[in-house]
Amino acid sequence: MFALQLAIVLLLVMAGAALLAWQARAADVRSARDRSLACAGTLAAAPSTAAALRSARPTAALQPVSLRARDACGIDFVAVLDDDGVRLSDPLTALIGRRAAGDFSRALAGETYLEHFRGEPTDSVRAVAPVRDSDRKVVGLVTAGVDLATVADRLDRELPWVGVGAVGALLPAAAGAGLISRRLKRQTRGLGPTEVTRMYEHHDAVLHAVREGVLVLDADRRLLLANDEALRLLGLPAGAQGQRIGALRLPSGVGALLVSGRTATDEVHPVGERLLAVNQRTTGGDGDPSGTVTTLRDTTELRDVAGQAEVAAERLELLYTAGLHVGTTLDVERTAEELAEVAVDRFADVVSVDLLDPVIEGEEPLPDPTTATVRRVALRSAVGDHPLQPLGSRPRIPPVAFRATGGTVEVAPVFEPDLAAATEWRRVDPEGAAHILSAGFHSRITVPLRARGTVLGLASFWRRDQRPYQPEDLASAQELVARTAVCVDNARRYAREHGMAVTLQRSLLPGGLPEQNAVDAAYRYVPAQAAGVGGDWFDVLPLPGARVALVVGDVVGHGLHAAATMGRLRTAVHNFSSLDLPPDELLAHLDELVVRIDQDPTRGPETETVTGATVLYVLYEPATGQCHLAGAGHPPPALARPDGTTAYLDVPANLPLGLGTSPFETRTLTVPEGSRLVLYTDGLIRSRGRDLDERLETLLEAVARTGRDPDETCGALLEALLPGRSHTGRDDIALLVAVTRRLPPDRVAEWEVPSDPEAVGRVRSACMDQMTAWGLQETAFTAELVLSELITNAVRYGAPPITVRLLCDRYLTCEVSDSSSTAPHLRRATTVDEGGRGLFLIAQLAQHWGTRYGPHGKTIWAEMPLTDSAEDEAPWT
């Protein structure tokens, strides 16, 4: 066999080498013809060639050109002839002037052609082209060609390489033939016909012994081979071999597959009570009739196990999806909706969730759920229209899972795989049950939502298009509802705590703005819905002397602790402002209070610190138009002047409360009447993904676009800065807008008092005249006593200069100022004391009195109510 293969390969290699040699010679000749024709035609068409032929010395002009053309075209010769065939140029100079051999009549007639020339000087492949003058007359000829000897030489140079290639092909072919012979011998292990026959018999025995059916069919779909397992699985008779498949009356699925002859991989077909996995492949080579080989495997038990595994996988996937998508918010109703969204399509066609009213309201559920009413908070369907009661309704069908037994309430799920056969649920509402059955619903599972031993509501799963519920589905429903119940209970507890925190915070925030004439104010408080109750607050505090304090603060954090801390700080600001302290001193006292709160040894380990609280305190005096500002880590206020210009006020920078080590500073400036002061917390200007400077600029633009009305300004600011911001990423906001007013000059009177006791009477008389001019005759007597005592004390104990000022606002305010910093204090004088009764008298006669300190001394003031007639007159607007 090896010798035969080697001889065949040798013949094929020799034939291939001869063919390659012939092809190489033909290609060389063809290339020579093409190059010769192109060169002759190009040179003949050149205008310079015709001009050189008519010149006096044509050879001198044409010989260099023909040599260059020969070299450029890679051919053996290029010659130019006159119309008589005499060479005017030629590579062999000895031939110039001699007539060229051959018949040139076709060229003289104007035809360009190729020819195999045999004659002197050499045999060649030659191209002849006519040269025409401008009148298209043939004036000469151009011949170009390649000698046949040159073609032969090139072929001789190529033949060794062809031989090398043939030898190179012969060696691998011989080696391959040897390897194939050796492999065949190794595979047959040197066995002869007898041994091979015996091996076939063994293989046939194995074929019939395996537990997998094997069928072999020819191209006519005739059964050539069927082992015993195939006969058993398909129920074929023993004489089935040799018959056509169509005559064996196989089940439709398997029969159609075998008749079609198509390729199949693990296709499952029912045959009786069995499920067979069928694989089929075609046999036969190209152009041969195509048969098939088919294998059959019984997968009945495997399919049962796979079905159980699939059900378990679907259950795990359902529970995993529920863990990801149920309970994403702390909202009771939204959690119920998420349960319905997860269960529909995956587990039920329609899902309804009914919760007890106390649960929806965030209250503790009743011990006996049968005494409470339920409301439908979630309803989702995958089947379009259905007869179940809509969202927000009170289900007519009561929660049948609540069964009163012996004075106790039994909570158990209800599993109804056949609604038509169940009777209890139909007795409660026959009409509704009839509609549900007519709509095609056939099974239901109702599971109570129970968490921490408390029933919160019911979840019902209905099926119409899916298969009826099986007993194993009840466990899935219970697990799904149990997880949801914990989320609902967490949301309920959060709602209750959130409601308590909101109630606390609302009780700590101002219920409204106090009456005063210094500013026209409006406010907005926007809580952070998702983050919970925050620690932002604001205040408008009327102060003596017709003044007003504007306060905005922020405690970092959310929840009850932040709200309680806010209340403590707000109360402290009220108390410190009642002492009539300057803004910087008030913040210093507030800072000390925060430090003491954080260092309180009675604080529990779970109590958070107050670090991060900020505050802005603005004191406005309408009598002078001065504004005193001090802040602790708070954003600066914005000022909109009546002329339309806006700017942020430069408040001295300080750290938040409890962190500062340097003293607080106050900045004082005068603002025009009608200016708008905008105080806010950082929740208004801070937003994720937005530049802070851009937000601050937006605030100024919004203030500039609005009028003087403070309420309108509040609305414009919220509309400009809040749209598009989600509740989850926003902090709570406190916003306070105040339009400044000025106390009319005719409502302010001021006198300088000399340091002379005799001057007291003159000043007192002047004050009485001013109060008479204001129409305060009924208050004048009391005011006279108070003024007399205040001025006398200032002259006796104070230091000049001494001034007296009367302010007529909602109260009559008497102020006496001097440059002394001595602090008076109230005491009870005994019967033998000569002094000490002045301040006691003032405290009895005045409605309020006090002392405030300034940079150049102190001021003692007293407030007295106006008469009824004066109160009705609204002193200034």
Side-chain angles (χ1 to χ4, degrees), residues 518 541-550 576-590 617-631 649-652 654 662-671 740 742-743 745 747-760 762-764 766-767 770 786-809 811-826 838-839 842 846 848-863:
L541 306 175
L543 298 177
R547 298 171 304 154
V548 67
L550 308 174
F576 292 142
S577 65
S578 66
L579 298 177
D580 216 349
L581 297 176
D584 54 347
E585 292 187 22
L586 185 144
L587 291 186
H589 286 292
L590 199 62
Y617 190 89
V618 179
L619 178 61
Y620 175 65
E621 297 183 4
T624 61
Q626 287 187 333
C627 197
H628 310 276
L629 307 97
L649 299 182
D650 185 14
V651 181
N654 286 296
S662 59
F664 292 91
E665 299 179 17
T666 299
R667 185 189 177 200
T668 301
L669 68 157
T670 302
V671 297
T740 61
R742 294 291 291 270
L743 189 63
R747 292 288 174 171
V748 181
E750 188 172 358
W751 297 270
E752 291 285 341
V753 180
S755 297
D756 183 1
E758 295 181 358
V760 175
R762 294 193 301 272
V763 175
R764 184 173 60 240
C767 292
Q770 183 62 59
V786 172
L787 279 171
S788 179
E789 185 64 30
L790 291 177
I791 297 172
T792 301
N793 286 341
V795 171
R796 179 178 300 177
Y797 304 110
I802 302 173
T803 59
V804 176
R805 187 171 69 164
L806 296 181
L807 302 173
C808 184
D809 186 25
Y811 300 94
L812 175 63
T813 306
C814 304
E815 298 180 348
V816 178
S817 305
D818 66 86
S819 59
S820 172
S821 59
T822 304
H825 68 280
L826 181 65
L839 289 180
I842 293 174
H848 302 286
W849 77 280
T851 304
R852 68 172 177 269
Y853 295 90
H856 305 292
K858 69 177 181 298
T859 299
I860 303 177
W861 55 269
E863 286 184 349

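Treat the numbers as computed from the prediction; the structure is a model and nothing was measured.
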From CA spacing to verdict: side-chain contact (heavy atoms from CB on, under 4.5 Å), T666, Y617: CA-CA 10 Å; T666 299; Y617 190 89; over 6 Å; no

For V795 and P754 the tightest heavy-atom approach is CG2-O, 4.1 Å

Shortest non-hydrogen separation from G631 to N654 and the atoms involved: O-ND2, 3.1 Å

L669 side chain reached by L629 side chain, heavy atoms, under 4.5 Å: yes

Look up atom CD in E621 and atom OG1 in T740, then write down how far apart they are to the nearest 0.5 Å. 13.0 Å

Would you check if R805 and V748 make a side-chain contact, meaning some heavy-atom pair closer than 4.5 Å? yes

Minimum heavy-atom distance L543-S577, with the two atoms named: CD2-O, 3.7 Å

Between F576 and L587, is there a side-chain heavy-atom distance shorter than 4.5 Å? no

Closest heavy-atom pair and its distance - Q770, A749: CG-CB, 3.7 Å

Residues E815 and R852 bridged, charged N to O under 4.0 Å: yes

Hey, what do you get for OH (Y811) to CH2 (W861), rounding to the nearest 0.5 Å? 10.5 Å

Within-4.5 Å side-chain heavy-atom neighbours: H628 and P582: no

Full working for side-chain contact (heavy atoms from CB on, under 4.5 Å) between I802 and V816: CA-CA 7 Å; I802 302 173; V816 178; 4.3 Å; yes

What distance do D818 atom CG and I860 atom CD1 have between them, rounded to the nearest 0.5 Å? 7.0 Å

Nearest atoms (heavy-atom pairs only) where V753 meets I791: CG1-CG2, 4.0 Å

Would you give the length of the straight line joining atom SG of C767 to atom CZ of R762, rounded to the nearest 0.5 angstrom? 12.5 Å

More than 12 heavy atoms from other groups under 6.0 Å of CD on E665: no

Got more than 12 heavy atoms from elsewhere within 6.0 Å of OH, Y853? yes

Measure the CD-OG1 distance between E752 and T803 for me, rounded to the nearest 0.5 Å. 6.0 Å

Check this for me, if you would: do D580 and R547 make a salt bridge, where the nitrogen-to-carboxylate-oxygen distance has to be below 4.0 angstrom? yes

Distance only, no hydrogens: is a donor on one side chain within 3.5 Å (strictly under) of an acceptor on the other, for S819 and H856? no

Dump the intermediate steps for side-chain contact (heavy atoms from CB on, under 4.5 Å) on C814 and L806, then the final yes or no. CA-CA 5 Å; C814 304; L806 296 181; 3.6 Å; yes

Using every non-hydrogen atom in the two residues, find where S820 and A799 come nearest and quote the distance to one decimal. CB-N, 3.8 Å

Would you say that D584 contacts P663 through its side chain, given a criterion of any heavy-atom pair below 4.5 Å between the two side chains? no

To the closest 0.5 Å, what do you measure between CG (L807) and OG1 (T813)? 5.5 Å

